[in-house]
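Step one of this worksheet: look at the structure below.
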Amino acid sequence: MNLVVDADRVLADLNELHERHGGPDGARRLAWSEDWLAAREWLQGKLAELEGVTVDRDEAGNIWAELPGANDDGGFVIVGSHIDAVPSGGWLDGCLGLLGALGVLRALAASGEPPPVTVRLVDWADEEGARFGRSLLGSSAAAGTLDPDDVRDLRDAKGTRLQDALAACDVDLDGAGAAQSRLAGALAYLELHIEQGPVLLDSGRLASAVSGTFGDERYLITFKGQSAHAGSTPMRLRKDSLAAAATAALEIREVGIRHDGVCTVGAMTADPGVITAIAGSTEMMLDLRHLEADTLAAMLEENLDACRRAAEKFDCEVTHRRVFGATPTPFHPKLVQLAREAVDAAGGGDGDPIPSGPLHDATEIGRLVPTVMIFSQSDPPLSHTAIEDSPEEALRVAIEAYGRTVGGALDAVANGELQEARA
Ligand SMILES: [Zn+2]
């Protein structure tokens with residue numbers, strides 16, 4: 001079906017939200033705050049204007065709006081993203097996708113005919129994890145991967161517990177898992193988002209289909225040598241843990257390049273950290289990401305190997321500890337193809353889908369439901385900052401492509417093309 005989203009209206013909504021809950025100092029929509037609740041109230045007001053649309057909230061605090069379809073067999077397509085933001089964040093992260101989804105629902109509701117299957121819009125609660133350090137909270141509750149005991153006692157900067165902050169917003173953490181019922185019957189999930197990185201800008205593309213989200217492995221690596229006097233210890237007799245870590249870090253960089261993935265040594269802490277002492281021990285933080293699980297595993301092996309060799313070279317010992325892991329989420333091939341064609345038809349050109357380095361709610365949902373994302377170019381290629389932006393032309397192409405993709409997905413599910421079981 002030809003689903004035309006009114007891009008002017010989406011841009012006007014984005015600007016209105018930015019005026020109310022953002023401004024020159026950036027977004028004011030931190031999850032579980034008064035500001036966030038007020039922004040969601042505003043969203044609910046917009047949804048209430050749509051003919052035939054009902055709105056409610058699930059046990060995890062996600063807001064859902066539903067437009068019933070012609071086919072009443074319980075299947076539905078989900079559109080949405082998140083309205084919460086990091087403190088002083090940008091005006092597009094999450095909001096572009098959410099208000100683009102509002103544009104989809106508005107176009108469908110105004111057409112006078114029910115869509116072929118039911119369409120639901122979702123505003124995921126606390127995507128950013130900016131307050132308590134746990135990202136994708138609402139979507140992981142819906143996907144069944146949230147363990148309340150893991151997050152209950154997380155505290156914000158003021159010492160408030162996560163569980164209490166949720167309770168203040170009428171969300172019972174222990175009951176949040178009941179939100180899983182919201183995905184029963186989900187046939188597809190489609191999310192529009194800004195890229196938040198430089199890939200599309202670098203290649204001169206306004207928008208792109210997204211092939212999936214990277215798997216992510218995070219490790220703490222400790223090199224142990226011997227602290228000693230910087231003046232009295234000849235170079236050949238040193239056990240310099242910082243030299244070992246630095247050598248490993250440069251090799252780790254090459255591993256990322258070789259596998260077309262990303263490997264980042266984001267921090268190193270040397271001990272004792274004195275100008276006149278050789279570093280006796282150095283701790284290194286390593287993050288590596290790739291779209292393919294096998295390649296991610298190979299990258300990890302090569303990185304740990306680089307650490308072992310560097311340690312040996314400088315007569316040090318090395319140990320490692322895994323601190324976080326997330327498996328890659330490749331998106332649904334049929335939906336990725338639809339999104340690619342939609343971007344082309346909307347004037348964004350026919351380019352290869354790009355993977356997403358950042359995690360999104362689509363990462364959680366994509367493990368259970370056929371999923372795809374569309375990215376608009378980011379320029380400057382930055383996010384989680386007040387200067388986050390995208391060219392208006394890129395936003396228009398992405399919004400149009402999103403509408404076209406949802407239209408294509410509705411046709412595909414009406415024809416039973418996405419319903420085959422996923423591995
Ligand atoms: Zn986001």
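One-based numbering, in listed order, for ligands and for the atoms of each.
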- [ ] Using a cut-off of strictly less than 2.8 Å, determine whether Asp361 has an N/O/S atom near the Zn ion (ligand 1).
- [x] no

Open item on the list: Quick check: closest heavy atoms across Thr405 and Ala342, and the distance to 0.1 Å?
Closed with: OG1-CB, 3.2 Å

TODO: Please say which of Leu137, Asp156, Asp153 ends up in a side chain to side chain contact (heavy atoms under 4.5 Å, CB included) with Leu162.
DONE: Leu137

Open item on the list: Parallel, tilted or perpendicular, judged at 30° and 60°: which one describes the rings of His18 and Trp91?
Closed with: tilted

Open item on the list: Let me check your reading of the structure: within less than 2.8 Å of the Zn ion (ligand 1), is there an N/O/S atom from His360?
Closed with: no

Open item on the list: Would the distance check show the side chain of Ser356 and the main-chain N or O of Thr213 forming a donor-acceptor pair, the cut-off being under 3.5 Å?
Closed with: no

Open item on the list: Could you identify the N, O or S atom of Asp93 positioned closest to the Zn ion (ligand 1)?
Closed with: OD1

